[in-house]
J.: 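Sharing a structure here in structure tokens format.
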Amino acid sequence: MRVADGFTELYGSAPEGVWAAPGRVNLIGEYTDVNDGFVLPLALPHTAVAAVSRRGDGVLRLHSADVRQGVVQLSVDDPAPLAGTGWAAYPAGVVRALREAGHPVTGADIHLASTVPTGAGLSSSAALEVVTALALNDLYGLGLTGPELAVLAQRAENAFVGVPCGVMDQMASACCTEGHALYLDTRDLTHRQVPFDLAARGLGLLVVDTRVKHALGDGAYAERRAGCEAGARALGVRTLRELEYAQLPASLARLADGTVRSYVRHVVSDNHRVRRVIDLLEAGDVRGVGPVLTEGHVSLRDDLRVSCPELDLAVSSSLGAGALGARMTGGGFGGSALVLTEADAADVVTKAVHEAFAAAGYPAPRIFPAVPSAGVRRLR
């Protein structure tokens, strides 16, 4: 195993074990997790892999095969901010979160390699966090469950990396199962696996990685989260999750701020779309999911205003080529779109998107199938 061999070359001994955690793509339910709402992610076959051994001297050594940087060495007791450590902040943040929670993690040597595309909105950071969390959980015998690992990984990103993300990404990486999407209530972390075998129905799901990330996205996630919180306060609820879809028109009429009003409309509507998709899947109408995805994109584009020209083009060119539905996925301002298509039309859709990007002068997108895959696991 190449990651284990890399560990041995770096640290002079074989690792105690090797673990893998996937990236994710979210079928529907965007910006709902930071509002205690519903989401429906699935794990990708792309993973972050970690070879790890324990240390008892308080030293944390981190290395990535994907970054041109040497070993990053930290003390587990060092309170210095992690902001300047780049990628290493994610696994280091997990160590801090574990120790903050009272778990006796006394150090580690970690070597990482990932196939999760970075900057594509596919949760490459959550994969790094969750794989580190499971490795240390196993090695130190902490006995934590998948949801508990996810919450600790989210704490690492919120408190120690400084990104105010919800828990969806970490829960997907920790708890998804092969051949299923994860129906998750982010308020209490109750979840269930929903069968999602597209191939059996002659369908396919494509990820279109636009390979772009616009600077406008810097700080925009936090601004929208704050806008949603302002909407909840104005409506007298703790979070927007407490608003039912039937209440939406009356609720919107009470909001004077147009920006806050549009944020509230998106979140409440997207929670409703998650439930609609679940109903369609359970009724066996998988093709009926397509238009709901497209509705979700329009809402993200027009109400939340987190799309960008490349994402809009990925969606419109896919639909023009016969896709059943498409939407941007993730935080927006770049990253990836998700396309539901007939399996025998996937090549046509892929070709159309490539041609549209070339005609617009955009960088060529990376397009690949999204196959519902397993969550975090030990490999050896």
Side-chain angles (χ1 to χ4, degrees), residues 1-23 46-116 118 123-144 148-150 152-163 170 173-174 376-380:
M1 187 172 291
R2 293 173 63 185
V3 175
D5 292 341
F7 181 100
T8 303
E9 292 174 10
L10 278 168
Y11 301 124
S13 61
E16 291 185 80
V18 179
W19 291 259
H46 307 74
T47 60
V49 180
V52 185
S53 286
R54 289 168 290 181
R55 296 180 66 97
D57 57 2
V59 171
L60 176 64
R61 294 195 295 181
L62 303 163
H63 185 268
S64 171
D66 308 309
V67 180
R68 291 186 176 180
Q69 182 181 6
V71 173
V72 177
Q73 182 167 317
L74 304 166
S75 168
V76 297
D77 295 318
D78 187 352
L82 295 172
T85 59
W87 67 270
Y90 298 101
V94 169
V95 172
R96 289 195 179 181
L98 285 166
R99 288 177 58 82
E100 177 188 70
H103 299 295
V105 177
T106 56
D109 288 336
I110 302 176
H111 175 55
L112 291 150
S114 180
T115 59
V116 184
T118 59
S123 299
S124 58
S125 59
L128 291 178
E129 293 157 0
V130 170
V131 75
T132 302
L134 181 64
L136 296 175
N137 177 67
D138 288 356
L139 290 176
Y140 282 95
L142 305 180
L144 299 171
E148 288 170 335
L149 293 174
L152 280 164
Q154 181 202 16
R155 170 67 180 165
E157 190 151 348
N158 291 173
F160 302 114
V161 181
V163 177
Q170 292 83 3
S173 189
V376 69
R377 65 270 188 195
R378 188 169 188 164
L379 301 180
R380 53 164 280 190

J.: Excluding sequence neighbours, so at least two apart, what forms side chain to side chain contact (heavy atoms under 4.5 Å, CB included) with Ala101?
T.: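 Scan of Ala101 (side chain to side chain contact (heavy atoms under 4.5 Å, CB included), adjacent residues dropped) gives His103, Leu152.
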J.: Give me the atom names and distance for the closest heavy-atom approach of Ser114 to Asp66.
T.: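 Looking at all heavy atoms of both residues, the shortest contact is N-OD2, 2.7 Å.
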J.: Is there any side-chain hydrogen bond (donor to acceptor under 3.5 Å, both in side chains) pair reaching into residues 126-135, and which pairs are they, with sequence neighbours excluded?
T.: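 Non-adjacent pairs meeting side-chain hydrogen bond (donor to acceptor under 3.5 Å, both in side chains): Glu129-Gln170.
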J.: So, taking the atom named CH2 in Trp87 and the one named OG1 in Thr118, what distance separates them when rounded to the nearest 0.5 Å?
T.: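 If we round to the nearest 0.5 Å, Trp87:CH2 and Thr118:OG1 are 13.5 Å apart.
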J.: Which heavy atom of Val161 sits nearest a heavy atom of Ala89, and at what distance?
T.: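 Here Val161 and Ala89 meet closest at CG2-O, 3.7 Å.
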J.: With sequence neighbours excluded, what pairs up with His111 under the side chain to side chain donor-acceptor pair (under 3.5 Å) test?
T.: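 With neighbours one apart ignored, the set is His63.
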J.: Mind checking side chain to side chain donor-acceptor pair (under 3.5 Å) for Ser173 and listing every partner two or more places apart, or none if nothing turns up?
T.: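 Partners of Ser173 by the side chain to side chain donor-acceptor pair (under 3.5 Å) criterion come out as none, since no residue qualifies.
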J.: For Val376 and Ala21, work out which heavy atoms get closest and say how close.
T.: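 Closest heavy-atom pair between Val376 and Ala21: CG2-CB, 3.6 Å.
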J.: With sequence neighbours excluded, tell me which residues meet side chain to side chain donor-acceptor pair (under 3.5 Å) with Asp109.
T.: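 By the side chain to side chain donor-acceptor pair (under 3.5 Å) rule, Asp109 matches Arg55, Arg61.
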J.: Tell me every residue that passes salt bridge (charged side-chain N to carboxylate O under 4.0 Å, His left out) with Glu16, counting only those two or more places apart in sequence or in another chain.
T.: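 Applying salt bridge (charged side-chain N to carboxylate O under 4.0 Å, His left out) to Glu16 gives Arg54.
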J.: Tell me every residue that passes side chain to side chain contact (heavy atoms under 4.5 Å, CB included) with Ala133, counting only those two or more places apart in sequence or in another chain.
T.: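 With sequence neighbours excluded, Ala133 shows a side chain to side chain contact (heavy atoms under 4.5 Å, CB included) to Val94, Leu149, given in chain and number order.
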J.: Stepwise, does the side-chain contact (heavy atoms from CB on, under 4.5 Å) test hold for Val18 with Val49?
T.: CA-CA 7 Å; Val18 179; Val49 180; 3.5 Å; yes
J.: Do the non-hydrogen side-chain atoms of Leu144 and Leu98 ever get within less than 4.5 Å of each other?
T.: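 With C-beta onward as the side chain, the pair touches.
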J.: Listed by chain and number, what are the salt bridge (charged side-chain N to carboxylate O under 4.0 Å, His left out) partners of Asp77, not counting sequence neighbours?
T.: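 If we apply the salt bridge (charged side-chain N to carboxylate O under 4.0 Å, His left out) test to Asp77, skipping adjacent residues, the hits are Arg99.
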J.: Judged by atom type as modelled, is there a donor-acceptor pair below 3.5 Å linking the side chain of Arg378 to the main-chain atoms of Leu134?
T.: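 Pair absent, no side-chain N/O of Arg378 close to backbone of Leu134.
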J.: Under the side chain to side chain donor-acceptor pair (under 3.5 Å) test, which residues partner Gln73, sequence neighbours left out?
T.: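 Checked Gln73 against side chain to side chain donor-acceptor pair (under 3.5 Å); zero matches.
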J.: Holding to side chain to side chain contact (heavy atoms under 4.5 Å, CB included), I want the full list of residues that pass it with Ala108, two or more places apart in sequence or in another chain.
T.: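 Expected list: Val52, Leu60, Ile110, Leu136.
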J.: For a quick test of reading the model, state the closest non-hydrogen atom pair linking Phe7 to Ala51 and the distance between them.
T.: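 Residues Phe7 and Ala51, closest heavy atoms: CD1-O, 3.4 Å.
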J.: Can you tell me which residue among Val130, Thr47, Val116 is in a side-chain contact (heavy atoms from CB on, under 4.5 Å) with Pro22?
T.: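 Only match with Pro22 under side-chain contact (heavy atoms from CB on, under 4.5 Å): Thr47.
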J.: If every non-hydrogen atom of Arg380 is compared with every non-hydrogen atom of Pro15, which pair is closest and at what distance?
T.: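 It is NH2-O, 4.4 Å.
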J.: Tell me the closest heavy-atom pair linking Leu62 and Ala88, and the distance in Å.
T.: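 Residues Leu62 and Ala88, closest heavy atoms: CD1-O, 3.7 Å.
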J.: Under the side-chain hydrogen bond (donor to acceptor under 3.5 Å, both in side chains) rule, what pairs show up with a residue in residues 134-144, not counting sequence neighbours?
T.: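 Listed once each, the pairs are Trp19-Asp138, Thr106-Tyr140.
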J.: Under the side chain to side chain contact (heavy atoms under 4.5 Å, CB included) test, which residues partner Ala14, sequence neighbours left out?
T.: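 Here the qualifying residues are Thr8.
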